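If you're wondering where the values come from, they're calculated on a predicted model, not measured in any experiment.
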Amino acid sequence: MDSLANPVPLLRDLIRIDTTNPPGNEVACVRYLTERLAHRDDLDVTVLGPSADRANLIVRFPGRGVAPPLLLHGHSDVVPVTGQDWRHPPFEARLVDGEVWGRGSVDMKGGIAMMLSSLARLHEAGQRPAGDVVLAVVADEEHGSIAGARWLTREHPELFTGIRYAVGEEGGAGIELGGRRFHPIVVAEKRACWLRATLTGPGGHASRQAPAHTAMGRLGHLLTALSGVRLPRHREPAAERMLTELAGHLPEPLAGRLLAVRDDANDAPPAGLPEDQSLQIDSLLRNTVSPTVVRAGDKINVVPGEVTVDLDGRILPGDHSREEFLGELRALIGPDVPLELLVEGFPVDQSRIAEPEFGGFYETLADITRKADPDAAPLPMMSPASTDAGFFAQLGIRCYGWLPLKVPAGSPYRTLLHRADERIPVEALEFGTQCMTALLRDHR
Ligand SMILES: [Zn+2]
């Protein structure tokens with residue numbers, strides 16, 4: 001059997017264990033990892049979950065006892081491949097032209113392989129990290145974390161006692177601009193605020209002239225009110241810091257355009273950028289809302305009396321509240337539409353911590369990437385999406401999204417999350433493992 005120190009065979013094994021969520025069945029992955037770690041009698045291994053098939057694995061690797069424990073967390077479930085057209089089968093983990101293909105190769109079995117391999121490398125070198133390292137391989141991240149991080153942090157917070165810092169996925173926060181490569185270090189995440197709007201009105205036989213204010217008519221108004229609009233701009237330290245650093249690495253006129261969005265008089269998305277990047281940056285300056293699911297009638301000759309619209313709302317970290325977001329939304333859709341709260345996430349925000357804002361641990365991460373890849377720049381980022389970090393942050397742990405991958409500028413890897421043909425170059429996996437090993441050695 002290959003050593004765990006090599007992330008490539010480890011990742012290929014993990015991809016072949018189908019943990020598509022739903023249903024997840026992450027226990028298969030946990031069983032595999034438990035067996036692979038069985039030869040180590042110095043580890044403290046805990047398997048637990050809300051049901052037998054939704055298992056979470058917590059492994060404590062002993063340190064030298066001179067620093068608080070460090071948390072590395074990754075999720076073992078993956079999103080479905082339904083309706084996707086793959087060039088190579090998604091669960092065979094084929095190695096083609098120096099790339100490992102498969103669902104989860106980046107998001108995030110690749111990350112788990114990097115974490116485990118770095119721990120194995122330290123062990124094989126006869127070294128120990130300054131403090132214990134707690135590796136949490138959790139279930140259910142792709143489907144609300146109900147059986148994973150949410151359950152673990154609520155039911156078993158004692159597993160994470162004393163931990164100050166955590167490293168997890170970057171949640172697709174990466175950005176490329178002006179041909180420059182950046183290594184994202186996610187220091188803040190927006191949080192979800194998912195809502196359901198219910199529209200009602202007179203229903204009946206569709207052969208007659210419909211009265212005004214049917215549910216369908218109201219649907220038209222609602223969608224129009226939410227199309228192409230932007231909620232008010234807010235200033236957040238994490239977004240400001242990201243934009244300033246980003247601009248500092250870019251030539252003019254790109255740099256000026258980025259800095260211009262901080263100007264209060266100018267509330268336009270950054271100009272002259274590819275649309276997806278312009279929109280990504282714009283999303284870090286405001287709360288956002290997107291209608292995503294409409295449920296209406298199912299018979300062509302019946303006017304439905306009720307239509308529901310699910311709204312994917314995202315709230316800025318920091319002081320921004322659900323009330324503020326709802327107020328902004330009401331200003332667009334009016335006071336009368338009943339809104340039901342479906343899900344609200346937790347914020348992650350390192351830019352407001354009491355100690356030096358970006359000192360210490362952040363600098364350790366940035367230094368490692370600078371040394372490993374001098375041509376690219378570490379970048380403190382706010383992610384428009386959320387990860388499990390929000391749950392661990394609730395325990396007072398400072399969470400960073402950091403899974404360094406060295407991939408060429410313009411390459412597709414980061415954009416293939418949740419899509420067909422997800423794959424990772426072997427070199428990028430090795431690069432990330434080296435960075436992670438450096439973290440275990442350097443962090444004190
Ligand atoms: Zn993920």
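Relative orientation of the H249 and F182 rings is perpendicular, given thresholds of 30° and 60° on the angle between their planes. Taking the six-membered ring where the residue is Trp, F361 and Y165 present parallel rings, their angle staying beneath 30° rather than reaching 60°.
In this model, a donor atom of one side chain and an acceptor atom of the other lie less than 3.5 Å apart for S3 and E124. Neither side chain, S283 nor K190, offers a donor N or O lying under 3.5 Å from an acceptor on the other. Between T198 and E340, the side chains place no donor N or O within less than 3.5 Å of an acceptor N or O (distance only, hydrogens not considered).
In terms of heavy-atom proximity, A5 sits nearest to S117 at O-CB, 3.6 Å. A pairwise comparison of heavy atoms in V138 and A149 identifies CB-N, 4.3 Å as the closest pair. Closest heavy-atom contact between I333 and A225: CG2-CB, 4.5 Å. When all heavy atoms of I15 and P90 are compared, the closest pair comes out as CG2-O, 3.6 Å. Across all non-hydrogen atoms, the minimal contact from S76 to V137 is CB-CG1, 3.7 Å.
If you run side-chain contact (heavy atoms from CB on, under 4.5 Å) between V289 and each of D312, L311, L195, only L311 comes through. The side-chain contact (heavy atoms from CB on, under 4.5 Å) test with R314 singles out one residue from S290, C193, S386, P384, and that residue is S386.
Sorted by first and then second residue, the ring-ring contact (aromatic ring centres under 6.0 Å, His included) pairs with a member in residues 53-80 read H73-F392; sequence neighbours excluded. Among pairs with a residue in residues 143-152, those fulfilling side-chain hydrogen bond (donor to acceptor under 3.5 Å, both in side chains) read S145-D388, at least two apart in sequence or across chains. Residue pairs that meet the ring-ring contact (aromatic ring centres under 6.0 Å, His included) test with at least one member in residues 87-106, sequence neighbours left out, are H88-W101.
Taking the ring pair (Phe, Tyr, Trp, His ring centres under 6.0 Å) definition, one finds that Y413 meets it with nothing, sequence neighbours left out. In this structure D85 satisfies the side chain to side chain contact (heavy atoms under 4.5 Å, CB included) test with no other residue, sequence neighbours excluded. Judged as a ring pair (Phe, Tyr, Trp, His ring centres under 6.0 Å), and not counting sequence neighbours, the contacts of H320 are H234. Residues that satisfy the salt bridge (Lys or Arg N to Asp or Glu O under 4.0 Å) test with R230, not counting sequence neighbours, are D267, D282. Take V229 and apply the side chain to side chain contact (heavy atoms under 4.5 Å, CB included) test, not counting sequence neighbours, and it matches L332. In this structure R40 satisfies the salt bridge (Lys or Arg N to Asp or Glu O under 4.0 Å) test together with D42, sequence neighbours excluded. In this structure, the salt bridge (Lys or Arg N to Asp or Glu O under 4.0 Å) partners of R235, at least two apart in sequence or on a different chain, are E240, D264. For R322, the salt bridge (Lys or Arg N to Asp or Glu O under 4.0 Å) test picks out E344, with sequence neighbours left out. Taking D367 as the reference, R370 meet the side chain to side chain donor-acceptor pair (under 3.5 Å) condition, with sequence neighbours excluded.
A salt bridge between D18 and R103 is absent, with no side-chain N of the basic residue lying under 4.0 Å from a carboxylate O of the acidic one. Checked for salt-bridge contact, R121 and E430 meet the test: a charged N lies under 4.0 Å from a carboxylate O. With respect to R54 and E26, a salt bridge is recorded, a charged nitrogen being found less than 4.0 Å from a carboxylate O.
Between the CZ atom of R286 and the CD atom of E236 there is a distance of 13.0 Å, given to the nearest 0.5 Å.
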